[in-house]
Amino acid sequence: MPLHGRDVVSIRDLSREEIISVLDDAKKMIPLAEGNRVSSLLAGKLIAMAFFEPSTRTRLSFESAVHRLGGSCLTIAEPNANSLRKDDNLYDTIRMLSSYADAIVLRHPNEGAARMAARTSDRPVINAGDGVGQHPTQTLQDLATIREQLGTLAGLTVVLLGDLKYGRAVHSLAYALARFDSEIILSSPSAFRLPEELRENLTHEGAKVREEPDLGKAIRDADVLYVTRIQKERFLDETEYRTVVGPYNVDARVLAEAKPKLIVMHPLPRTGELAPEVDQTPHAVYFRQAFLGVPVRMALLTAVLGPTKRGG
Ligand code: NCD
């Protein structure tokens, strides 16, 4: 049980072998996630869902995973209604939650919040998105989707499209792709390029990375097109947002140039960058991707919580 008792803050906290092991377990858990088999793997476990930023898919897929495995959740899901609005700080909240629950799933607007929480908590902390930082469980579901649809994770050509500056889903996925010898093509409006430091880290880890702002050229040889929305909430004011937003649109016309087997992914929500007509094409896998969040989170929680608690 190598993941037992561990925190999962960044996808880089997991080795290639550990990622594969979670994906293998997740595949076996698909019938449980579909509700076709019953399980009590998390019976008696209480998991805190501390969401200090809006979330639909991530929180609900975590909760679905916990309930379907017989566990229970303690949920904070209204950032404006919880006690952080009073004088509580994150440190105190995490100390408290770690005495109420067996693990903490945290989403927070500040990059680094999950790392701080992991240092504070004596229970495992799973990062469900920390500002513009990382989103490791999204990455695990992305990898599960790629593996299921294309049969492999190795040696693929993956286009990351959209807001590569603020998008934590792509920041996290890029690190994972580096572990699997993929070629990463970065395609973004110029104001949304991948942060230089992240790009340097990827190159340092041996990833093949190149930039291709022209979407038509970028997808020509691609196996995966990973579309993201502009992260509007990261802008300090609406005027700045309006000045930098450039159009990029994935529709049936763009995909006519792609390989027949290209898969189109999106962490969702979409906000106009991915046309509904794409849903009808064989390229579209984003709803399957959303579903696979459940078995992947089942596998991760089971591995982290295991049959006994950390330190005893
Ligand atoms: C992503 C996120 O929150 O970072 N969404 C998600 O978890 N499904 C991507 C996004 O919000 O654009």
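In this text, all values refer to a predicted model and were calculated from it rather than measured experimentally. Atoms within a ligand are numbered from 1 in the order they appear, just like the ligands themselves.
The pair Lys27-Glu148 does not count as a salt bridge, with every side-chain nitrogen at least 4.0 angstrom from each carboxylate oxygen. Contact check on Arg168 versus Glu111 returns no salt bridge, with no Lys/Arg side-chain nitrogen under 4.0 Å from an Asp/Glu carboxylate oxygen. Salt bridge present: Lys28 and Asp25 bring a charged side-chain N and a carboxylate O closer than 4.0 Å.
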Run through all N or O atoms in ligand 1 and write down each protein N or O closer than 3.5 Å, as a pair with its distance.
residue: ligand 1; atom: 3 (O); partner: Arg107; partner atom: NH1; Å: 3.4
residue: ligand 1; atom: 3 (O); partner: Arg107; partner atom: NH2; Å: 3.3
residue: ligand 1; atom: 3 (O); partner: Arg168; partner atom: NH2; Å: 2.9
residue: ligand 1; atom: 4 (O); partner: Arg168; partner atom: NE; Å: 2.7
residue: ligand 1; atom: 5 (N); partner: Leu268; partner atom: O; Å: 3.1
residue: ligand 1; atom: 7 (O); partner: Thr58; partner atom: OG1; Å: 2.9
residue: ligand 1; atom: 7 (O); partner: Arg107; partner atom: NH2; Å: 3.2
residue: ligand 1; atom: 7 (O); partner: His135; partner atom: NE2; Å: 2.8
residue: ligand 1; atom: 8 (N); partner: Gln138; partner atom: OE1; Å: 3.4
residue: ligand 1; atom: 8 (N); partner: Pro267; partner atom: O; Å: 3.0
residue: ligand 1; atom: 8 (N); partner: Leu268; partner atom: O; Å: 3.1
residue: ligand 1; atom: 11 (O); partner: Arg229; partner atom: NE; Å: 3.4
residue: ligand 1; atom: 11 (O); partner: Arg229; partner atom: NH2; Å: 2.9
residue: ligand 1; atom: 12 (O); partner: Arg229; partner atom: NE; Å: 2.7
residue: ligand 1; atom: 12 (O); partner: Arg229; partner atom: NH2; Å: 3.4
residue: ligand 1; atom: 12 (O); partner: Gln231; partner atom: NE2; Å: 2.8

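Residue Arg147 forms a side chain to side chain donor-acceptor pair (under 3.5 Å) with just one option from Asp142, Asp24, Thr152, and that option is Asp24. Shown are Arg179, Arg6, Arg115; of these, the salt bridge (charged side-chain N to carboxylate O under 4.0 Å, His left out) with Asp13 is made only by Arg115.
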Quiz: residues 30-44 side-chain donor-acceptor pairs under 3.5 angstrom, not counting sequence neighbours:
residue: Glu34; atom: OE1; partner: Asn36; partner atom: ND2; Å: 3.2
residue: Ser39; atom: OG; partner: Leu41; partner atom: N; Å: 3.1

